[in-house]
Amino acid sequence: MLADDLAFAIAAALKVAELPSPPSGIEIVPTRNREHGDWQTNTALILAKIVGAPPQDVAAAVVAALKAAPPAHVERIEIAGPGFINFFLAPTWLHDVLRAVVATGPNFGHGDAYAGMRINLEFVSANPTGPLHAGGGRWVAVGDAIANLLAAQSAEVHREYYLNDAGTQLDVFAESLMARYRGEAPPENGYHGGYLVEMAATMRSELGDEVDETLAAAWGYRVVVDALRDDLARIGVHFDTWFSERTLHERGDVAAVLDELRAAGHTFEQDGAEWLASESLGDQRNRVLVRTNGTTTYLTNDLAYHRDKLRRGWDHLIDIWGADHHGQVKSLQVGMRALGIGTDEVPEPEVILGQLVKLERGGELVRLSKRAGNIITLADILDDVDPDVARLTFLLQSIDTTLTFDLDVVTSQSMENPVYYVQYAHARVASIARRAAAAGITRVPLADVDLSVLVHERELDLLRSLAEYPEMLRGAAELRAPHRVTTWVREFASRLHGFYRDCRVMTDDADLTQARLWLAESVRIGLAGALGILGVGAPDVMERLATDEEVDE
RNA sequence: GCGCUCGUAGCUCAACGGAUAGAGCAUCUGAUUACGGAUCAGAAGGUUGGGGGUUCGAUUCCCUCCGAGCGCACCA
């Protein structure tokens, strides 16, 4: 790609100018402002400090050497601002981009930043005590997209769901289910959701009138897990492993972890409980490992769980958690360190924290609590909107920001969702191809097409977006920021719509038609690729909106 | 009180430490005998919460203050 050519040329120029090769911090990137050319580098600004010369002088020396052996496509090189070196390129460099997109196909933009890395990505992992709530959809969409991003950088990615099926929450759940089964109200601290009433009725019809608590717990657990799986399937997310916490207890993994922590001298007894001396390791405070009643805490079990993931061969562990769990991050990492994990070879678990979702309806905040029972589930959302709409809505903004999910806007006014804007772009491109085929116009091999006719700003903008796509994907993967893909694809779709408006593909000019058909094909690849990362469909046709008149009839 | 995260246009949000901070919505003004108008073009809108600091350069990094969300269990 061009960036490599420029980097190579700059490195060579530095040698000629007898300047040191710069350390990290140099960038060779597309300009944001067209007036500054097509690509820019801050090489001279970085080097100036090292060699103790004015940036302008350093830039002048580099540019002189560059001009002696200009990289391909470069028409003009300028020094501007505090010492930027700006490259003005012939449009031919973008025609190369088009060829690269078509040659690579669906995997265009993918990289190898994480080649050889075996990543276990755990996300959602909602307690099996009820249906997924609407806000949890954020982790479904974000987790799946991050998995796609990592895989696009050649990592082997394993999607995992952790079922907390051994704790007291499940007991409380079973008690609540039994209470409903007997026609009573759930216990004070139990689950009051209406779904338990329905479940209890189903249980009675399936299992009869002689159900005891043990049977109810087993049956309820199975039903809830099946429901979780179904909801996830509806939105198109598949987990490779559903890991049961019970396994850890049954196999003795939890006991083994405790023994190791004791042997390493990281535990102590106090107030009848056994503690992890985590404060001395950097945690906010010490944490209980074994309660007074002899049972282990969530932390102890989680340590055993994460170590199991490593033992299963995953060398990089990533958890996606809601911000309400941020207090546990340090405990987990410090605990793993106490187990001797968290070395240079084996990094400690990485935790991606995401801010919570705020649900609104009619401008009013909707308070959600699985226990209180006033839940709005992900299934409720999917009853009203297409999974694509739900997914993109969750992927519109950075996970560092609180997401306000307005149920009225997303459902009743769903046509305003940007997903349609982007999908429409894809449908338009597909439509062009259909029209061409219907008119008997077929694309000749790309090698035989003269792309130099693609000089319209609309055309070049599309190709510029495609040129930036690989670097955008890499950055989104590294930052675990799928919303960057959303931002990119919205911009790209906007450029397609602009192109569509100003540039007719099929004209009497056969050469131009061929070039634009191939441009359309490269755009299709880019749109489909980005939407694929996001887990959003790229339809060839879209149902026409009903007009007001049609609605009236 | 302590900790984590956040604060950008009227609203919702973008912006690898880079040049003149960008989109959408809302507001105003325009565009369609053509490949799907679910579209496009333009205008207006900003002291990036306040104040310091580092840097050639700060929305971005550091300190401090203000404000918001979330944590601070022998629940998960």
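All chains are named by letter (A, B, ...) in the order of the sequence lines, taking the proteins before the strands, and each is independently numbered beginning at 1.
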Review point. Any side-chain N or O of A/Arg435 under 4.0 Å from OP1/OP2 of B/A34?
Key: no
Point to revise | For atom CG of A/Asn417 and atom P of B/C25, their distance in whole Å | key: 13 Å
Practice item. May I have the distance from A/Arg138 (atom CZ) to B/C70 (atom P), rounded to whole angstrom? Key: 14 Å
Exercise for review: Please measure how far the C1' atom in B/U39 lies from the corresponding atom in B/U32, and state the result in whole Å.
Suggested key: 10 Å
Practice item. Starting from P on B/C13, measure out to CZ on A/Arg490 and report it in whole angstrom. Key: 12 Å
Point to revise | Same-atom distance (P) from B/A68 to B/A73, integer angstrom | key: 22 Å
Check your understanding: How would you label the contact of A/Ala80 with the nucleic acid (heavy atoms, under 4.0 Å): base, sugar-phosphate, or nothing?
Key -> base
Practice item. Would you tell me if any nitrogen or oxygen in the side chain of A/Gln397 comes within less than 4.0 Å of OP1 or OP2 on B/C13? Key: yes
Check your understanding: At under 4.0 Å, does any side-chain N or O of A/Arg287 touch on OP1 or OP2 of B/A73?
Key -> no
Review point. Of the candidate nucleotides B/G18, B/A76, B/C6, which contains the atom at the shortest distance from the side chain of A/Gln328?
Key: B/A76
Practice item. Sticking with atom P, work out how far B/G18 lies from B/U47, rounded to a whole angstrom. Key: 22 Å
Review point. Distance-only, no hydrogens or angles: does the A/Gln514 side chain make a donor-acceptor pair with backbone N or O of A/Asp509 under 3.5 Å?
Key: no
Check your understanding: When only distance counts, do a donor and an acceptor, one from the side chain of A/His326 and one from the base of B/G3, lie under 3.5 Å apart?
Key -> yes
Study note, to complete from the structure: The answer to which of A/Leu45 and A/Gln355 contacts RNA chain B further toward the 5' end, by nearest nucleotide, is A/Gln355
Check your understanding: Does B/G37 have OP1 or OP2 sitting under 4.0 Å from an N or O in the side chain of A/Tyr421?
Key -> no
Point to revise | Touch class at under 4.0 angstrom, heavy-atom based, for A/His483 against every strand present | key: sugar-phosphate
Exercise for review: Determine the contact category for A/Asn164: base if any of its heavy atoms lies under 4.0 Å from a base atom, sugar-phosphate if only primed atoms, P, OP1 or OP2 are that close, otherwise nothing.
Suggested key: sugar-phosphate
Practice item. Quote, to the nearest angstrom, the C1' distance that separates B/A19 from B/G10. Key: 29 Å
**Study point:** B/U54 and B/G22, which share atom name P, separated by this distance in whole Å
**Key:** 27 Å
Exercise for review: Could you tell me whether A/Arg501 contacts a base, only the sugar-phosphate backbone, or nothing, with contacts defined as non-hydrogen atoms closer than 4.0 Å?
Suggested key: base
